[in-house]
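Notes follow once the structure below has been shown.
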There are 2 protein chains.
Amino acid sequence: MAKGQRRQAILNAALDVFTAKTLTSATMEDIRAKSGASTGSIYHHFASKEHIIVALFEQGYGDLHRRMRAAFMGAPAAASGLHALVDSYLGWFHEHELLGRFMLQTASTDYVASAAPAVARDAAELERQLLEWLQPFIASGEIVALPLAMYVPLIIGPCREIMRRWQVGTVTLAEARPLLAQAVWRSLAAGQAHAP
Amino acid sequence: MAKGQRRQAILNAALDVFTAKTLTSATMEDIRAKSGASTGSIYHHFASKEHIIVALFEQGYGDLHRRMRAAFMGAPAAASGLHALVDSYLGWFHEHELLGRFMLQTASTDYVASAAPAVARDAAELERQLLEWLQPFIASGEIVALPLAMYVPLIIGPCREIMRRWQVGTVTLAEARPLLAQAVWRSLAAGQAHAP
DNA sequence: GACAAAAATAGAATAAAATTCTAGAATAAC
DNA sequence: GTTATTCTAGAATTTTATTCTATTTTTGTC
């Protein structure tokens with residue numbers, strides 16, 4: 001078995017098992033059986049069940065963040081950049097159904113923050129870059145001025161909930177995708193109608 | 001010990017333990033020690049560790065949903081109803097810090113859906129009522145027409161993410177509360193500027 | 001207020017699962 | 001080719017959830 005093959009086989013098996021059953025009810029024995037690895041081999045690659053979970057998160061978020069970053073960085077206009085960002089998020093989860101299900105269903109960002117500091121750092125860096133990219137549009141008044149910590153929730157919050165629903169089949173991307181980007185844009189675009 | 005006292009003591013202890021450690025690393029022994037109940041007593045009230053978790057969810061979501069329902073139902077105007085809805089969500093989590101942390105951090109809606117069907121049903125009913133309430137405003141063109149499954153994500157998504165951040169201290173409610181309601185309103189209000 | 005029935009508690013016993021350990025096989029480094 | 005390192009195996013151990021049996025407390029009834 002080639003270099004790193006076994007490790008990935010274990011991760012793949014774990015992902016299957018974790019999405020089929022719940023995190024707690026999935027046993028190491030399940031993972032062992034599905035991956036074909038021995039107990040010793042599993043514990044050679046991962047210190048514990050939790051470490052397997054963390055490794056999956058790192059893999060998933062690493063890839064997702066990379067894609068999101070690429071989406072807005074370099075975009076010249078606010079609207080197109082945000083549109084691309086929303087699209088990248090939806091697109092990633094669309095293309096990584098199992099891992100995405102695991103990421104959205106299993107644990108929250110805060111759980112990850114303590115268990116997977118690398119992911120937390122990467123997320124913080126991504127947010128910093130996004131805010132930096134937004135800055136000129138806020139300054140010019142094209143995007144509403146808000147406490148900085150609010151932008152990501154306003155952009156990602158709706159995306160996340162939509163993808164949750166997509167995962168359980170109550171929403172289709174074909175219809176949601178363009179409308180979602182527009183809705184996010186409206187929530188951030190300045191110079192429009194005010195509400196009470 | 002009075003009627004139902006022990007059950008609640010167990011739930012309280014479990015909540016403490018679950019928020020202090022992770023769901024898996026929190027043991028029945030931890031709960032036993034903190035609650036002062038015996039093993040037998042715990043298993044008399046709850047069939048398993050998972051049942052304790054579900055009971056906490058039912059308690060939390062039952063109360064939250066009740067409050068959200070009260071917020072918009074009967075509101076005469078779209079803007080004020082949505083404002084009240086957002087406020088009720090933020091307010092509830094503000095007032096139930098521990099339970100709220102548990103609910104947002106621990107498990108997702110979908111996990112709950114399979115484990116706690118009562119919660120899922122209640123959530124579905126709440127959504128139905130919200131959409132029914134929204135209907136006239138959509139018909140009149142005051143609120144944008146979207147696939148029905150998109151409204152809740154657009155409203156609750158940002159709220160959820162904001163509260164997550166509030167829980168870890170990166171956002172204060174004093175500043176976020178009014179701005180969030182406005183942003184949600186903008187994302188739903190029709191007849192405004194279009195984006196590419 | 002005595003008494004049966006039901007609910008609640010206790011803690012020991014068991015079962016299930018995670019993790020550790022010791023030894024052996026494969027691979028890489030030199 | 002040989003030595004060191006990584007990897008694999010599977011049995012042994014430890015930890016944790018759950019079950020079981022017996023005892024106590026409460027509740028409803030006369």
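Just so you know, these numbers use all the heavy atoms, side chains as well, and skip hydrogens, waters and symmetry mates.
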query: Looking only at side-chain N and O atoms, does Ser38(B) come under 4.0 Å of OP1 or OP2 in dT9(C)?
result: no
field: Atom-to-atom span, CD1 of Ile31(A) to C1' of dT19(C) - whole angstrom
entry: 13 Å
- line: Here the distance between atom P of dC7(D) and atom CD of Gln8(A), to the nearest Å, is 14 Å
query: Would you call the rings of Phe57(A) and Tyr61(A) parallel, tilted or perpendicular, where under 30° means parallel and over 60° means perpendicular?
result: parallel
query: Say you draw a straight line from CZ of Arg6(A) to NE2 of His45(A); how long is it, rounded to the nearest 0.5 Å?
result: 7.0 Å
Nucleotides 13-17 of chain D: which of its N/O atoms have a protein N/O under 3.5 Å away?
| unit_1 | atom_1 | unit_2 | atom_2 | d |
| --- | --- | --- | --- | --- |
| dA17(D) | OP1 | Lys49(B) | NZ | 3.1 |
| dA17(D) | OP2 | Met28(B) | N | 2.7 |

task: Take the protein atom CZ of Arg32(B) and the nucleotide atom P of dT19(D), then report the distance between them rounded to whole Å.
output: 18 Å
- request: Return the value, rounded to whole Å, for the distance between atom CD1 of Ile42(A) and atom P of dA11(D).
  value: 15 Å
task: Please state whether the rings of Tyr89(B) and Phe93(B) are parallel, tilted or perpendicular, taking 30° and 60° as the class boundaries.
output: tilted
- prompt: How long is the line joining NE2 of His45(B) and C1' of dT18(D), in whole Å?
  reply: 16 Å
task: Would you kindly say whether Gln59(A) and Asp63(A) are connected by a side-chain donor-acceptor distance under 3.5 Å?
output: no
- prompt: What is the distance from CD of Gln5(A) to P of dA26(C), rounded to the nearest Å?
  reply: 17 Å
- prompt: Parallel under 30°, tilted from 30 to 60°, perpendicular over 60°: which one fits the rings of Phe18(A) and Phe102(A)?
  reply: parallel
task: Taking only Lys NZ, Arg NE, NH1 and NH2, and the carboxylate oxygens of Asp or Glu, determine whether Arg69(B) and Asp122(B) approach each other closer than 4.0 Å.
output: yes
query: Is the phosphate of dA8(C), meaning OP1 or OP2, less than 4.0 Å from a side-chain N or O of His44(B)?
result: yes
query: To the nearest angstrom, how far is Ile10(B) atom CD1 from dT9(C) atom C1'?
result: 10 Å
- request: Ignoring backbone atoms, establish whether Arg6(B) has a side-chain N or O less than 4.0 Å from OP1 or OP2 of dT26(D).
  value: no
message: If we count only N and O atoms by modelled type, under 3.5 Å, do the side chains of His51(A) and Ser48(A) hold a donor and an acceptor together?
response: yes
statement: Ranking Ala47(B) and Arg7(A) by the position along DNA chain D of their nearest nucleotide, the one closer to 5' is Arg7(A)
task: Taking only the side-chain heavy atoms of Ser41(A) (C-beta and beyond), determine which of dG11(C), dA10(C), dT8(D) contains the nearest atom.
output: dT8(D)
